[in-house]
Amino acid sequence: MQLLWLIVAMPLVSALVLAVLGSHLSRRVVAAWGVGSIGVSAVITMLVAVEFVSSPPAGNAYTQFLWTWINVAGFQPHIGFYLDALSLVMIFVVTFVGFWIHLYSAEFMMHDEGYSRFFAYMNLFVASMLTLLLADNLLLLYLGWEGVGLCSYLLIGFWYRDVANGLAARKAFIVTRVGDTAMLLGLFLLFTSLGTVQIQDLMHRASEHWPMGSTMAAAAALLLLGGAVGKSAQLPLQVWLPDAMAGPTPTSALIHAATMVTAGVYLVARTHVLFALAPPAQFAVAVVGGATLLLAGCSALTQHDIKRVLAYSTVSQIGYMFLALGVGAWSAAIFHFFTHAFFKALLFLGAGVIIEALQDEHSIFRMGGLRKELPVAFWTFLIAGCSLAGLPFITAGFYSKDLIIWGAWSAAQGHPSFWIVGMIGALLTALYTFRVIFRVFFGPIQIPVGKRPGYVMTVPLVILAFFAIVAGSVKDPLLAFVQSTLPPMVEANAAGMTETLSEVVAALAFLSGLYVAYLCHLQKRILADGAVAHPAGRALHAWWFADWGFDWLYDKAFVQPFLWVAQLNKNDFIDAFYTGIARLTEASYRAVQLTQTGQVRWYAAGIAAGSVVFLAMVVFA
Amino acid sequence: MEVAFYIAAAVAIIATMLMLRDLNVVHALLYLIVSLLAVAVVFYVIGAPFMAALEVIIYAGAIVVLFVFVVMMLNLGEHAVAMEQRWLTPGIWIGPTALAGVLLGEVAYLAARGGAQMEAQMVAPKQVGIGLFGPYLIGVELASMLLLAGLVGAYHLGVRRRQRTEIRHARDTHERRVAPSSDVVLAGTDRPARTP
Amino acid sequence: MLFSLGLIGLLVRRNLIVVLMSLEVMLNAAGLAFVVAGSRWQQADGQIVFLFILTMAATEVAIGLALVLQVYHQFKSLDADVLSEMRG
């Protein structure tokens, strides 16, 4: 376990090496560095995990102190790593899934310029994410938080020559910035009222000093929730994630599906004590989660860019995780994160294969019949899609999602309405997932397949598909393991429903969604077209397509006024001062220029005037 | 004797004023001669007869004659009178008069402070001669060199070679200069009178 | 007084010859001042200086008029304002 710091250091060193020397190294070497560093991290993680599970350290947590970061007037945050069940699960997922995604991108990005730049950014991202997850104080966590935000920006705008990509990156950065500011305020609040930034100390002191329902706890929790909402693209800051699909597909897979967007979930889970102390804040978490999952599900139903469908799907699934956190089913949220990472990354990687094969075609309505052409992609995508939608008993997603929906009913802060929301969400999930599958893989071939993936790309797909199925079987051990850190879910109001009944209803939701999708998108496609052609349907479609109008709203409410003020201030007074200096100089130049007439009489007059003045000075002074 | 002084002074001033106002150059020259002669009288009155003589001989006799030569050589005629008429607008007098008036005031102030009285005793030419060969010997030599320089210069400038093609002397040394400004080529007939 | 008048003439008139004449007037006035000062202090120096001034004036007129002739032949005008080109 001493090797804990290496997990973070490997990708960081690799990022630095690639950043400095990358352009001089060959692609093979760059790939070896980029993929290898994550691989080493993954191996070390597994070693650490084995040791942790077999002989758990005292208090179920292991702290590794590295060095003191700042030492000012009693404020001494240090660089230290804190390993417990929660962070262990998360770093395992990050390094493991990250490794397969890096391997995939070694071939996927082979023909792009900036190969070493890509891997440098990806490695830096993994290093920052691991710092975030392993941080033992909030300041270091914030460092990792900012680091992942930076890498997200860099990677979304990776193909910087297209201006739209840069704009999408900027939008992502600014929107998450709003959340980051809230989080920073929460951090300040916590520090000033509790006197430390060490997370575990904070949790202890909070439970000591703040009574249940205290406003301080609620304020701090809500501010941290603001940060989580920004980074995890929940309501109301979800607008950046669909546009973030402008980045390369491996980026979308790693950052915007499996890892970074779950940083918010991690933050809430880490500071669960605060949320437990402030029921209104926890309720807010649940409401945010529930609303987001419905909203994103509806939007996903209307998208035609395959990656945008997956982006909205991610938003929706993280909504599930937030819902779980909000009702007190902490470990369920982490379990769902665990399974979601596998199948969502797989979905994105599969989408990448499809997009590459069809020469950069993104629209599902122009795809078709790829079932026979790309068999590996088809089967892995199908497995992942079923896992996402929750195919009963086989897939991992079923277990994790169902646990959440059951918790939405039965947990201490659960409520039947949350259960209903979760069910509707499940229906929508099945609907949009199979819409994509039927449109892309079935039906007539519209575009012939150009490039088929090689082994380096298909092996990760297969491995992730395997885990998308198998991960469900580790549900109970995993839950028990995580509950060493997070409080278990208490089944407080289980009246009226049993877990089995809930599972049955979820299975029914899945099947009905599958059937409707089959009907509309395979059997009689005119049904889907008809629904859109109908005026009400078209309006609804347009509204959901535009992400329920949030982009428009933010544009009108924030962007336009800001631009107006900027335009107003374009010739601001500070500028005016400096241009004033220039104009003054110019004016005096012109004034002086007038004396240079070249006429001798003028100069004679000048001499006379000068002598007059001189005499006056001599005589009268 | 004092009366003579005042009369001569008045004549000098009036003659100068008239000289300034007259449009015809030759008339102005004649007024100048009158002014110079009046000043010569003033010299005689205050006891510098030698200077008076010199004033008449050299100043009025040689220098003004040079002016007359040049005027006659240039042969300007009626056209010149018309030009002068156009140039001399009434408003043109204001600025210089003010300037010169201020200067005059200052000088008068300084002179009044000095508190001079008139003494009509003569300083003999003999003394002047002794001074010239004594302390001011170097000045004399320098003056003679100055005269030599003037002579050579005037000769050189006066020679006119018909085949001189270059328009402006300075043009040769600065070939890269761009085209000259436009106000040079005109003969000045259409430029409005401007106060300096 | 004479000096001031000469100054006015210098500044007002545009004809080069008149300008030179005004210059003579100014020199004359200065010389007059010197002679009067010499007479006041009963010294010969004033007259000696006047002699030098006279010499200098003669030289200057000679050269000045030669220049006027050149100007007239180049520019075909005796206007002082014509000579206002500042290049070269």
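All heavy atoms count here, side chains included; hydrogens, waters and symmetry mates do not. Residue numbering restarts at 1 for every chain, and letters A, B, ... go by the order of the sequence lines.
- Heavy atoms closer than 4.5 Å to chain C are found in both the backbone and the side chain of B:Met19.
- Within the 4.5 angstrom heavy-atom criterion, only side-chain atoms of B:Val42, from C-beta onward, approach chain C.
- Contacts of B:Ile63 with chain C are made by both backbone and side-chain atoms, with heavy-atom separations under 4.5 Å.
- With a threshold of 4.5 angstrom between heavy atoms, C:Glu24 approaches chain B through its backbone and through its side chain.
- Per-residue counts of heavy-atom pairs under 4.5 Å with chain B were compared for C:Ala62, C:Ala29, C:Gly31; the largest is that of C:Ala62.
- Using a 4.5 Å cut-off between heavy atoms, B:Ala143 contacts chain C through both its backbone and its side chain.
- Of the listed residues (C:Leu27, C:Val35, C:Leu51, C:Leu20), the greatest number of heavy-atom pairs within a distance under 4.5 Å of chain B belongs to C:Val35.
- Counting heavy atoms from C-beta on, the side chains of B:Leu54 and C:Gln47 never come closer than 4.5 Å.
- For C:Leu7, the part lying near chain B is the side chain, with the backbone staying farther off; criterion is any non-hydrogen pair under 4.5 Å.
- No side-chain heavy atom of B:Val56 sits under 4.5 Å from any side-chain heavy atom of B:Leu36.
- Between C:Phe50 and B:Phe43, the distance from one ring center to the other falls under 6.0 angstrom.
- There is no contact between B:Leu151 and chain C, counting heavy-atom distances below 4.5 Å.
- The side chain to side chain donor-acceptor pair (under 3.5 Å) search around C:Ser22 returns none, not counting sequence neighbours.
- Within the 4.5 angstrom heavy-atom criterion, only side-chain atoms of B:Leu32, from C-beta onward, approach chain C.
- The side chain to side chain donor-acceptor pair (under 3.5 Å) test applied to B:Tyr31 returns no partner, not counting sequence neighbours.
- With contacts defined as side-chain heavy-atom distances shorter than 4.5 Å, the pair B:Tyr136/C:Asp45 qualifies.
- To the nearest 0.5 Å, atom OG1 of residue B:Thr16 and atom CG of residue C:Leu5 are 6.0 Å apart.
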